[in-house]
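Whatever order the structure lists them in is the order used to number ligands and atoms, beginning at 1. Remember, predicted model here, so these are calculated numbers, not experimental data.
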Amino acid sequence: NGDPSPVPRVAVVVFLLKGRSVLLGRRRSAVGNATFALPGGHLEFGESFEECAAREVKEETGLEIGKSEFLTVTNNVMLEQPKKCHYVTIFMRSVVGVDAEEEQVPQNLEPHKCDGWEWYEWDHLPHPLFGPLERMVKGGFNPFSS
Ligand code: 8DG
Ligand code: MG
Ligand code: MG
């Protein structure tokens, strides 16, 4: 791709947990197209990780998350993608209520970027997962026990 001086960027993504499930959507993107990924996006100037997590989840799914907490960070160099990129990815966690009165249904608010959001049981994840997530899962990372 034509970017003359590419730089690493910071992304914040969220493990939204409900019971034994996590929210994933299949990407429509030049990076990780058709793979299942967490909600999230680019850290904006002046934002905290928590603010970015809540904003991206709201923009992409309509869900209002409460507190989120930092889990881990990974370095993702993706030069094989149609759009070459390099992300330092911050992984946050937020737990949503399972009670009927707290139940919020995710909406696909950016259908040009995602095929739709679904809850997937951690023991039955869909595939292919987006590369950065796939590497964590293969490495034994578990957002429920971190
Ligand atoms: P924005 O304009 O809303 O800020 O960006 P976006 O359109 O929501 O960006 P994104 O591609 O969803 O997320 C930015 C980058 O974050 C993505 O290109 C690569 C990195 N990233 C990971 N893992 C994950 C993940 O599981 N989900 C998402 N959405 N992005 C991830 O490294
Ligand atoms: Mg976004
Ligand atoms: Mg996004």
A.B. asks: Measure from atom 12 (O) of ligand 1 to every heavy atom in C85, G41, G40, A37 and give the option owning the shortest one.
C.D. replies: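 Among C85, G41, G40, A37, the closest heavy atom to atom 12 (O) of ligand 1 belongs to G40.
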A.B. asks: Any idea which protein heavy atom is nearest atom 19 (C) of ligand 1, and the distance to it?
C.D. replies: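 Among all protein heavy atoms, the one nearest atom 19 (C) of ligand 1 is Y87 CD1, 3.6 Å.
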A.B. asks: Can an N or O of H42 be found at a distance shorter than 3.5 Å from an N or O of ligand 1?
C.D. replies: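 Checking ligand 1 against H42, an N or O pair does fall under 3.5 Å apart.
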A.B. asks: Show me which atoms of ligand 1 lie under 4.0 Å from any heavy atom of N76.
C.D. replies: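 Going through ligand 1 atom by atom, the ones under 4.0 Å from N76 are 32 (O).
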A.B. asks: Check E110 with R28, please: is the shortest side-chain N to carboxylate O separation under 4.0 Å?
C.D. replies: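 Salt bridge: no.
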A.B. asks: Against heavy atoms of V13, which atoms of ligand 1 measure under 4.0 Å?
C.D. replies: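 By the 4.0 Å cutoff, the relevant atoms are 24 (C), 25 (C), 27 (N), 28 (C), 30 (N), 31 (C).
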A.B. asks: Can you name the atoms of ligand 1, numbered from 1 with element, that are less than 4.0 Å from a heavy atom of A11?
C.D. replies: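 That gives atoms 15 (C), 16 (O), 20 (C) of ligand 1.
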A.B. asks: Check for me whether the distance between the ring centres of F49 and F91 falls short of 6.0 Å.
C.D. replies: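 So the answer is no for these two rings.
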A.B. asks: Could you tell me whether the Mg ion (ligand 2) has an N, O or S atom of E59 under 2.8 Å away?
C.D. replies: no
A.B. asks: Within rounding of 10°, what is the angle whose vertex is the Mg ion (ligand 3) and whose arms end at OE2 of E60 and O of G40?
C.D. replies: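 OE2 of E60, the Mg ion (ligand 3) and O of G40 span an angle of about 80°.
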A.B. asks: Which atoms from ligand 1 have a heavy atom of P132 less than 4.0 Å away?
C.D. replies: 22 (C), 23 (N), 32 (O)
A.B. asks: Look at atom 6 (P) of ligand 1 and say which protein heavy atom is nearest, naming residue and atom and giving the distance to 0.1 Å.
C.D. replies: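 Ranking protein heavy atoms by distance from atom 6 (P) of ligand 1, first comes K113 NZ, 3.7 Å.
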A.B. asks: Could you identify the N, O or S atom of E56 positioned closest to the Mg ion (ligand 2)?
C.D. replies: OE1
A.B. asks: If the cut-off is 4.0 Å to any non-hydrogen atom of E56, which atoms of ligand 1 fall inside it?
C.D. replies: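 Close to E56: 1 (P), 3 (O), 4 (O), 8 (O).
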